2 protein chains.
Amino acid sequence: MSLQDVHNMAKKTKEELDVSAEEKIKEAARKVFTLKGYAATRTRDIAEASGINLALLNYYFRSKEKLFHVIMIEKIQKLFGVIIPIANDTNLALEIKIELIVTNYIDLLLEHPDLPLFVFSEVRNNTEQFIHSTNADNLLRNSSLIKQIELKKPDINPLHFLMSLLGMVVFPFIGKPVFTAAGILDEEIFQKLMNERKALIPKWIKSMLELEL
Amino acid sequence: MSLQDVHNMAKKTKEELDVSAEEKIKEAARKVFTLKGYAATRTRDIAEASGINLALLNYYFRSKEKLFHVIMIEKIQKLFGVIIPIANDTNLALEIKIELIVTNYIDLLLEHPDLPLFVFSEVRNNTEQFIHSTNADNLLRNSSLIKQIELKKPDINPLHFLMSLLGMVVFPFIGKPVFTAAGILDEEIFQKLMNERKALIPKWIKSMLELEL
DNA sequence: TATTGATTTAAACATTTGATTAAATCAATA
DNA sequence: TATTGATTTAATCAAATGTTTAAATCAATA
């Protein structure tokens with residue numbers, strides 16, 4: 001039985017109506033970790049941002065690393081959660097899947113613009129720790145989506161299309177800080193572009209799948 | 001006159017044949033910063049990796065932050081240096097430019113696979129510091145490349161095509177650690193795919209530019 | 001050889017930071 | 001009201017880390 005369980009058992013007190021202390025800490029941790037990355041985040045930052053003191057943070061989560069791990073797993077699942085259920089749905093036509101994935105992904109990322117850059121760079125810095133924590137391996141490799149693409153274009157590795165789709169959807173969010181800093185983009189244009197891309201990318205991907213090379 | 005200048009003036013001694021101490025430090029800094037990011041890098045790591053002692057590192061570069069800044073400017077210029085000269089060449093046809101950018105970029109990134117993730121995430125963590133240090137603003141916005149795209153497809157914002165091209169080229173390198181950790185990719189497949197993409201992406205982009213929506 | 005500047009060695013400094021502790025306080029409840 | 005568990009307060013610890021210092025050593029040169 002974990003410390004959290006102990007607390008949850010007794011959590012019938014004042015904060016049952018509003019958010020529990022544990023959740024306040026997690027919410028602050030999501031914010032600060034995502035903003036600054038693991039190494040640059042101080043537990044004191046999180047405590048301050050959550051409005052809860054440092055002692056309790058360590059009491060609930062034992063260590064900065066354990067708290068980070070909890071948040072990371074959430075974030076990884078959020079990042080893959082959009083694509084996997086759709087990719088594995090055997091009742092949807094390829095064209096519909098592409099549209100769904102693109103639209104849902106862009107909507108998710110418009111709400112959480114720094115999700116991809118956070119996950120990609122933190123996983124890179126600690127690869128071993130998160131191996132297979134995505135559950136994306138077989139769920140993607142043997143997905144119905146991959147099979148549908150293979151059927152349509154047997155001569156090209158289907159990963160090409162997956163990477164292109166994800167690249168066109170996700171890359172703008174990753175490059176945004178740089179492009180913004182470089183003066184190429186501003187927030188207003190960015191929003192407009194990403195909404196346009198919900199319609200453009202599926203058309204582009206479909207045409208790539210039709211293309212005879 | 002900076003400290004570096006003082007040293008360079010007197011640098012007619014033993015290390016004129018092999019690499020100077022300053023360069024050894026920078027080389028180690030490139031490696032360690034790129035691998036672990038700014039916050040997770042300790043100056044002691046860099047000193048150790050360079051085979052040169054900590055005191056001299058601070059003597060040459062004054063501080064971790066100043067050393068980092070030197071490296072970052074290099075990296076940013078490397079990342080944009082491939083695309084800007086080609087984009088601004090007024091003697092090249094659009095089709096040729098697309099092929100050149102894709103091929104050169106993939107070759108660069110095969111040599112420096114973690115360049116994009118490093119630059120994007122560090123710029124994000126310290127946006128203010130690197131604003132306009134790319135010199136990419138007008139060089140990209142008013143580039144001949146952008147004008148050529150506008151001419152070909154006046155109804156769509158040319159940034160769409162730039163983002164798609166960069167996304168298809170760069171994203172695989174950013175996602176690689178995650179896909180590898182998830183078991184979707186391995187190094188061998190990755191290399192093969194990226195070499196195939198040198199031919200595929202230009203064809204795809206051209207077909208996107210032809211497409212009537 | 002004597003000098004000069006580059007580099008090393010070893011130590012120390014101040015600060016930051018993750019983590020812990022013990023006592024006090026607060027809120028709910030039996 | 002007395003009890004119980006959640007939370008705060010305030011202080012402290014130990015380790016890590018950026019930076020500095022002074023003296024010693026080394027390599028080239030005049």
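Within every chain, numbering begins at 1; the chains are lettered A, B, ... in the order of the sequence lines, protein sequences first and strands thereafter. Here the structure is a predicted model, which means the values were calculated and not measured.
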Subject >> Separation of C/dT16 C1' from A/E48 CD (nearest whole Å) >> reply: 15 Å
**OP:** Would you kindly give the CG-to-P distance between B/N58 and D/dA22, to the nearest whole Å?
**Re:** 15 Å
Original post:
So, B/S121 and A/R124: side-chain donor and acceptor under 3.5 Å apart, yes or no?
Top reply: no
Subject >> Donor-acceptor side-chain pairing of A/K26 and A/S50 below 3.5 angstrom >> reply: no
Original post:
Can you tell me how far P of C/dA22 sits from OH of A/Y59, to the nearest Å?
Top reply: 14 Å
Subject >> From CA spacing to verdict: salt bridge (charged side-chain N to carboxylate O under 4.0 Å, His left out), B/K192, B/E196 >> reply: CA-CA 6 Å; B/K192 187 154 176 276; B/E196 290 171 358; 3.5 Å; yes
Original post:
Whole-Å distance between D/dT19 P and B/K64 NZ?
Top reply: 8 Å
**OP:** For B/L57 and D/dT17, give me the distance from atom CG to atom P, rounded to whole Å.
**Re:** 15 Å
**OP:** Compare the minimum distances between each of D/dG18, C/dT7, C/dA19 and the side chain of B/T43, then state the nucleotide with the smallest one.
**Re:** D/dG18
Original post:
Can you give the dot-bracket line for DNA chain C, using ( ) for pairs inside the strand, [ ] for pairs that cross earlier ones, | for pairs with another strand and . for unpaired bases, where Watson-Crick and G-U count if both distances are under 3.5 Å?
Top reply: ||||||||||||||||||||||||||||||
Original post:
Which one, C/dT8, D/dA6, D/dG18, comes nearest to the side chain of B/N53?
Top reply: C/dT8
Subject >> Pairing of B/K75 and B/E122 as salt bridge, 4.0 angstrom limit >> reply: no
Subject >> Backbone of A/M72 reached by a side-chain donor or acceptor of A/R30 within 3.5 Å >> reply: no
Subject >> Proximal nucleotide (of D/dT7, D/dT19, C/dT17) relative to the A/R44 side chain >> reply: C/dT17
Original post:
Taking CZ from B/F68 and P from D/dT19, how many angstroms apart are they, rounded to a whole number?
Top reply: 14 Å
Subject >> Shortest side-chain distance from A/L56, nucleotide among C/dT8, D/dT7, D/dG18 >> reply: D/dT7
Original post:
Between atom CG in B/L54 and atom C1' in C/dT9, what is the gap in whole Å?
Top reply: 12 Å
Subject >> 5′-ward residue of the pair A/Y38/A/A55 relative to DNA chain C >> reply: A/Y38
Original post:
Within the pair B/Y60 and C/dT7, is there a side-chain N or O less than 4.0 Å away from OP1 or OP2?
Top reply: yes
Original post:
With sugar-phosphate meaning primed atoms plus P, OP1 and OP2, does B/I52 contact a base, only sugar-phosphate, or nothing at under 4.0 Å between heavy atoms?
Top reply: sugar-phosphate
Subject >> Between P of D/dT17 and CZ of A/R42, the distance in whole Å >> reply: 15 Å
Original post:
Do A/K198 and A/E99 meet the salt-bridge criterion of a basic N to acidic O distance under 4.0 Å?
Top reply: no
Original post:
So does B/E27 pair up with B/K31, basic N to acidic O under 4.0 Å?
Top reply: no
